[in-house]
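What follows is a set of notes on a single structure, which appears directly below.
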Amino acid sequence: MASPRCAAVALLHPAGVAAGGGARRRVLLLDQERSLWGTEVRRRRRRRFSSLETPPRCSKMYVPGFGEGSPEKKAARNLQHFFNYIAVRVVLTQLESYNREAYGELMDFVNRNSLNDADTFCKKLIRESPRHKQLAMRILEVRSAYVKHDFEWDNLKRLSFKMVDEANTKLMRDYVLETSHIEDDN
């Protein structure tokens, strides 16, 4: 009687022939396997072999040149800087109406320091003075609340699609008009 290992080899080969040690030898199929050798075993074998095939390629586009992360990560980093800018503007507007002194201090700090890097800006603001630390904490609160509750993510996606499509259409139209020498009616 064949061992379970041999039975598995026999199922993989339709004639029950397995290569072992460079020589071909015949492996006997078990009685129960012989009765299944018809369509059921072929179906199982096909499923088993199809799972060993190379998986289909990912449908996402490969974008070279982003060693530090994906394009989405870079966009998220840029959005973080933008949300920091928005939070600073919101806090400045709030301070302008009820705390002119804090407004002046934050405005001076903003004029001296770039808002292009959100984390660097907030680190410097926290270390400036105890009063600035409170302003930094307020900016971090506003930034987090705006991202989680107020920013319209669906609208961003819709507008991004629309703007790219419109820009592509305009560029293609301009190119066709330029190369075909057709006068534009507009």
Side-chain angles (χ1 to χ4, degrees), residues 47-186:
R47 251 185 277 149
R48 190 177 305 138
F49 284 137
S50 67
S51 68
L52 297 176
E53 292 175 5
T54 307
R57 294 186 183 254
C58 182
S59 63
K60 297 280 184 172
M61 188 182 301
Y62 170 71
V63 182
F66 285 90
E68 72 277 356
S70 66
E72 291 82 4
K73 185 175 181 180
K74 187 162 186 147
R77 191 174 302 118
N78 287 330
L79 280 172
Q80 179 187 3
H81 300 316
F82 179 67
F83 293 140
N84 194 67
Y85 169 78
I86 289 173
V88 169
R89 300 300 304 164
V90 167
V91 170
L92 279 170
T93 302
Q94 292 170 347
L95 291 173
E96 188 176 25
S97 64
Y98 72 87
N99 190 342
R100 299 288 294 171
E101 184 181 342
Y103 170 79
E105 290 177 4
L106 183 56
M107 200 62 194
D108 288 342
F109 187 84
V110 168
N111 290 333
R112 285 183 285 131
N113 296 282
S114 173
L115 279 167
N116 290 337
D117 186 354
D119 292 339
T120 303
F121 178 84
C122 289
K123 280 180 192 176
K124 288 180 180 178
L125 186 60
I126 288 171
R127 288 171 178 77
E128 185 80 11
S129 73
R131 185 175 181 114
H132 285 85
K133 180 181 175 184
Q134 289 177 334
L135 293 172
M137 293 300 133
R138 179 66 185 142
I139 289 169
L140 296 178
E141 281 178 20
V142 170
R143 180 172 77 177
S144 181
Y146 183 75
V147 167
K148 292 177 183 173
H149 305 293
D150 292 335
F151 189 76
E152 296 178 10
W153 293 100
D154 295 333
N155 196 24
L156 170 69
K157 185 176 180 178
R158 185 185 59 75
L159 285 172
S160 296
F161 289 165
K162 181 182 175 188
M163 290 172 70
V164 166
D165 288 343
E166 287 175 354
N168 287 350
T169 302
K170 182 183 181 324
L171 288 169
M172 288 185 284
R173 184 184 309 121
D174 291 348
Y175 176 75
V176 168
L177 289 172
E178 179 184 317
T179 58
S180 64
H181 305 293
I182 297 174
E183 294 297 321
D184 188 12
D185 295 336
N186 295 334

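Values below: every heavy atom of this structure, side chains too, minus hydrogens, waters and symmetry copies.
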Do any pairs count as a salt bridge (charged side-chain N to carboxylate O under 4.0 Å, His left out) and have a residue in residues 78-88, sequence neighbours left out, and if so which ones? none
All pairs passing salt bridge (charged side-chain N to carboxylate O under 4.0 Å, His left out) where residues 143-159 contributes a residue, at least two apart: none
To the nearest 0.5 Å, what is the distance between [atom1] ([X]) and [atom2] ([Y])?
{"X": "Asp174", "Y": "Thr169", "atom1": "CG", "atom2": "OG1", "answer": "10.5 Å"}
{"X": "Asn168", "Y": "Glu166", "atom1": "CG", "atom2": "CD", "answer": "10.5 Å"}
{"X": "His81", "Y": "Leu115", "atom1": "NE2", "atom2": "CG", "answer": "11.0 Å"}

Salt bridge (Lys or Arg N to Asp or Glu O under 4.0 Å) involving Arg112 - partner list, sequence neighbours excluded: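 Partners of Arg112 by the salt bridge (Lys or Arg N to Asp or Glu O under 4.0 Å) criterion, ordered by chain and then number, come out as Glu128.
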Going by side-chain hydrogen bond (donor to acceptor under 3.5 Å, both in side chains), name the residues that satisfy it together with [X], two or more places apart in sequence or in a different chain.
{"X": "Asn78", "result": "none"}
{"X": "Arg89", "result": "none"}
{"X": "Lys162", "result": "none"}
{"X": "Gln80", "result": "Asp119"}

Just list the side-chain donor-acceptor pairs under 3.5 Å for residues 96-109, sequence neighbours left out, or say none.
| from | atom 1 | to | atom 2 | distance (Å) |
| --- | --- | --- | --- | --- |
| Ser97 | OG | Gln94 | O | 2.9 |
| Asn99 | OD1 | Ala102 | N | 3.2 |
| Glu105 | OE1 | Arg131 | NE | 2.9 |

Mind checking side chain to side chain contact (heavy atoms under 4.5 Å, CB included) for Ile126 and listing every partner two or more places apart, or none if nothing turns up?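 Checked Ile126 against side chain to side chain contact (heavy atoms under 4.5 Å, CB included); matches are Lys133, Ala136, Met137.
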Under the side chain to side chain contact (heavy atoms under 4.5 Å, CB included) rule, collect the residues that match up with Leu159, sequence neighbours excluded. Asn155
Heavy-atom side-chain proximity of Tyr146 to Val90 below 4.5 angstrom: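 Side chain of Tyr146 against side chain of Val90, heavy atoms only: no contact under 4.5 Å found.
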Return yes when atom CZ of Phe151 has more than 12 non-hydrogen atoms of other residues, nucleotides or ligands closer than 6.0 Å, and no otherwise. yes
Which pair of heavy atoms, one from Leu135 and one from Leu125, lies closest together, and at what distance?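 Residues Leu135 and Leu125, closest heavy atoms: C-CD2, 4.2 Å.
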What pair of heavy atoms forms the shortest contact from Val147 to Trp153, and how long is it? O-NE1, 3.2 Å
